[in-house]
Amino acid sequence: MSGKTTLVRGPGGRSNLHGKALTAKVLSALVPGDECSDPDHPGLRCRCVEGSPPQRVFFYRYRNAEGSLRQVKIGVLGAMTLVEIRSQWQTLQARVRSGGDPREEAKTERAQVTGERVAKKQAEQAKVLTVGKVVERYLDERIDRMRKPKGAAETRRILNQLVNLQTWAEKQRHAPRGRKRSRLPKAVRDVAQLPAAEFTRIMAHDLLAAFGETAPRSGAVARAELRGAWRYGIEIGLLPGPSPLEKVPGARKDTFGAVVVERTSRARFLSREEAGQLLRWMAEPGTYSRTVRDVLEIVLRTGMRSGEVCAIHSRELSWREGVLWLDIPADRMKSARAHSVPLVGRVQEIVA
């Protein structure tokens, strides 16, 4: 061989290997901390690292197309022969000469392998992960922690009824006589035990359509919460994305779950004459008890929610500039913001 083998010694100084070929004998003389290069194979270097026994690690140092100095590991002597190492060096050198960057290529390959491994793991989880488990985790970790007990309980009721719709329908069918029965949805089935990977968009659409057929408002809530459960599952890595339950981009209307779910706007309200008729009817004997009548009248005259009216306490009432005000604290409001309502006329008479 022509050329010289140079060796850089660690803290112990340099070794006298000049003029010697990079052979197995030379490599065996290296001690941890030594690093040598082979002029007959430009860029091929060997580093001796601590171990039992010490390892001779080979790597290739080169400059990429932008002139940046890079290096990529080739392998360890023993696991690979010196012939195999030099053959790999030759392959890497050819890739660099053709404009490639082995280090970046290796990084891209590792990322791809990692991505495939994660996707495979998610797919395996999805096989045993059921729709009911996705919903339950969403309720436990998101809804119960972020909403008030009453709202969380109602969301739990709607979602559990949705994923167990067939069971719920059967109970309604066999309800005792005299008990009000809901009109049963058609072609429903329970999906709580269905693998999440098998829960398709069309299945969710049909389920929501059946659910919303008897309760359009609850159907709209169910659609929003089912989407929320799937988004949360994707967010925490429980489900692969994207969600199959989202609105189609660019669509004018969100018809997922059937058009019946869209009929949720509260455009109907009582006219002045109708409100008067209702108030006069409630005042007649035998309609409602006085307590129920007073609550309904306050609701009609102020627009407050019935729950807010039922929970009115004397400590929330105060006179300001001749007007009786109801100051509702934030913890009693659905929006979690304090709210004040002036009580005048008939409402003031009822409350006072």
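Throughout, residue positions are numbered sequentially from 1 according to the sequence presented.
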Would you call Asp331 and Lys148 a salt bridge, taking side-chain N to carboxylate O under 4.0 Å as the test?
no
Quick one: CG on Leu139 to CZ on Arg157, what's the gap to the nearest 0.5 Å?
12.5 Å
If you look at every heavy atom in Arg45 and Ser37, which pair is closest and at what distance?
NH1-CB, 3.6 Å
Would you say the side chain of Leu239 lies within less than 4.5 Å of the side chain of Phe199, judging by non-hydrogen atoms?
no
Counting only N and O atoms by type, is there a donor-acceptor contact under 3.5 Å from the side chain of Arg227 to the main-chain atoms of Leu245?
yes
In terms of side-chain geometry, is the basic nitrogen of Arg156 or Glu136 positioned less than 4.0 Å from the acidic oxygen of its partner?
yes
Rounded to the nearest 0.5 Å, what separates atom CZ in Arg223 from atom OG in Ser218?
13.0 Å
Quick one: does Lys247's side chain get under 4.5 Å of Lys253's, heavy atoms only?
no
Checking side-chain polar atoms at under 3.5 Å, does Arg86 have a donor or acceptor matched by the opposite partner on Gln90?
no
Is any NZ, NE, NH1 or NH2 atom of the basic residue among Arg142 and Glu235 found under 4.0 Å from an Asp or Glu carboxylate oxygen of the other?
yes
When you group the ILVMFWY residues by side-chain heavy-atom contacts below 4.5 Å and let the links chain together, are Phe58 and Val26 in the same group?
yes
For Glu225 and Tyr138, does a side-chain donor sit closer than 3.5 Å to a side-chain acceptor?
yes
Tell me if a side-chain donor or acceptor on Thr130 pairs with a main-chain N or O of Gln193 at a distance below 3.5 Å.
no
Residue pair Tyr232 / Glu141, side-chain donor-acceptor N/O under 3.5 Å:
yes
Are Arg332 and Glu308 ion-paired here, with the side-chain N under 4.0 Å from a carboxylate O?
no
Would a 4.5 Å heavy-atom cut-off, applied to side chains only, mark Leu296 and Leu279 as touching?
no
For a 4.5 angstrom cut-off between non-hydrogen side-chain atoms, does Arg47 reach Phe59?
yes
Ile85 backbone acceptor or donor facing Gln88 side chain under 3.5 Å
no
Would you say CD of Glu109 has more than 12 non-hydrogen atoms from neighbouring residues, nucleotides or ligands within 6.0 angstrom?
no
Of the non-hydrogen atoms in Arg137 and Leu238, which two are nearest, and what is the gap between them?
NH1-CD1, 3.8 Å
Rounded distance [0.5 Å steps], CD in Gln71 versus CZ in Arg103
7.5 Å
Are Thr155 and Arg147 side-chain neighbours, meaning at least one heavy-atom pair lies under 4.5 Å?
yes
Rounded to the nearest 0.5 Å, the CG atom of Asp294 sits from the CE atom of Met282 at a distance of 9.0 Å
Does Val351 share a hydrophobic cluster with Met304, counting links as ILVMFWY side-chain heavy atoms below 4.5 Å and allowing steps through other members?
yes
So Gln277 and Leu270, do their side chains get closer than 4.5 Å, heavy atoms only?
no
If only side-chain N and O atoms count, and only distance matters, is there a donor-acceptor pair under 3.5 Å linking Arg320 with Ser318?
yes
Under a plain distance cut-off of 3.5 Å, with no hydrogens placed, do Arg63 and Ser68 share a side-chain donor-acceptor pair?
no
CD1 (Ile298) and CD1 (Ile350) are apart, to the nearest 0.5 Å, by 5.0 Å
Exam field: side chain Asp190 to backbone Ala192, donor-acceptor pair closer than 3.5 Å
no
Does one hydrophobic cluster hold both Ile236 and Trp230, with members joined at side-chain heavy-atom distances below 4.5 Å?
yes
Is it true that Glu297 and Arg301 have a side-chain N and a carboxylate O under 4.0 angstrom from each other?
yes
Taking the ring centre of each residue, are Tyr288 and Trp281 less than 6.0 Å apart?
yes
State whether the side chain of Asn64 and the backbone N or O of Gly67 hold a donor-acceptor pair below 3.5 Å, judged by distance alone.
yes
His205 and Phe256 aromatic ring geometry - parallel, tilted or perpendicular at 30°/60° bounds
tilted
When Ile328, Val299, Leu326 are each screened for side chain to side chain contact (heavy atoms under 4.5 Å, CB included) with Val309, the one that passes is Val299
Would you mind reporting whether Asp101 and Tyr62 have side-chain heavy atoms less than 4.5 Å apart?
yes
Hey, does Cys36 have a side-chain heavy atom less than 4.5 Å from the side chain of Leu30?
yes
Donor-acceptor pair, side chain of Asp34 and main chain of Val31, under 3.5 angstrom
yes
Backbone of Gly100 reached by a side-chain donor or acceptor of Arg95 within 3.5 Å
no
Judged by atom type as modelled, is there a donor-acceptor pair below 3.5 Å linking the side chain of Thr81 to the main-chain atoms of Leu77?
no
Looking at CG of Leu82 and CG of Leu44, how far apart are the two atoms once the value is rounded to the nearest 0.5 Å?
8.0 Å
Short side-chain to backbone donor-acceptor contact, Arg56 and Leu27, under 3.5 Å
yes
